[in-house]
Amino acid sequence: MKYWLLKSDPESFSWRDLEKVPGKKTIWDGVRNYQARNLLRDGMSVGDLAFFYHSQEEPPRVMGIVRVTKTGLADPTQFDPKSKYYDDGSSPGDPRWITVEIALERALPEPVPLPVLRGAPGLEEMVLLRRGSRLSVQPVTEKEWKIVSKLGGMKGR
DNA sequence: GCCAACGTTGGC
DNA sequence: GCCAACGTTGGC
């Protein structure tokens, strides 16, 4: 099993929004960056876990944990001319933007703010903390996963 | 709101 | 294929 971090601007889709979705599942749509797409398409497996991270918030923070429930899905917004994510260079026969479905696993008892991550021993190499890193889908190592989970108030594991 | 870092586009 | 211009992300 692998670990990930998914960024979302809470203005467009927040942890609270996910809690309110019936079934607490959603297709992770709207990613329009090839590196992120490749991780969604080629890196993720059903059962993988990911941190749900709020960017564009003061402070940015890790909100909770989600699980990958389906892989290899064509992002439906790429075919919708009314969507801001519409891509007229993509076709249903050969979709350009592939993503996953995720389901809420559990909220962190204490969401972890970015400054705390920056100060935490063992997270020095975390992709999120690299200068200029804007990648919205990121791999997280098992060691980093455990440290962040602990900071978020999760017991043991 | 600012702006550094980054990705993409398009002229050549 | 280079690279300047442009648009976007995201922390502050």
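We use all heavy atoms of the structure for the numbers below, so side chains are in, but hydrogens, waters and symmetry mates are not. Sequence lines set the chain letters: A, B, ... in the order given, protein chains first and strands last, and positions in each chain run from 1.
- When rounded to the nearest whole Å, the span between CD of A:Gln138 and P of B:dC6 equals 13 Å.
- For A:Lys7 and C:dT9, the NZ to C1' distance is 8 Å, given to the nearest whole Å.
- One can place CZ of A:Arg32 at 16 Å from C1' of C:dT9, the figure rounded to the nearest angstrom.
- If you measure from atom CG of A:Leu128 to atom P of C:dG11, you get 7 Å, rounded to the nearest angstrom.
- Listed nucleotides C:dG11, C:dG10, C:dT8 differ in distance to A:Arg134; the shortest reach to its side chain belongs to C:dT8.
- Atom C1' of nucleotide C:dG11 and atom CG of A:Leu117 are separated by 13 Å, given to the nearest angstrom.
- Look at OH on A:Tyr34: it is 9 Å from C1' on B:dT8, rounded to the nearest Å.
- In terms of heavy atoms, A:Pro76 sits closest to A:Ile27 at CD-CG2, 4.2 Å.
- Annotation: the span from A:Trp97 atom CH2 to A:Leu40 atom CG amounts to 10.5 Å, rounded to 0.5 Å.
- Look at CZ on A:Arg61: it is 16 Å from P on C:dG10, rounded to the nearest Å.
- Atoms CD (A:Gln35) and C1' (C:dT8) sit 16 Å apart, rounded to a whole Å.
- Listed pair A:Tyr53 / C:dT9 fails the phosphate criterion, with no side-chain N or O lying under 4.0 Å from OP1 or OP2.
- Judged purely by distance below 3.5 Å, without hydrogens or angles, the side chains of A:Thr77 and A:Arg32 pair a donor atom with an acceptor atom.
- The aromatic ring centres of A:Tyr53 and A:Trp15 sit 6.0 Å or more apart.
- At the heavy-atom level, A:Arg118 lies under 4.0 Å from the strands shown only through sugar-phosphate atoms.
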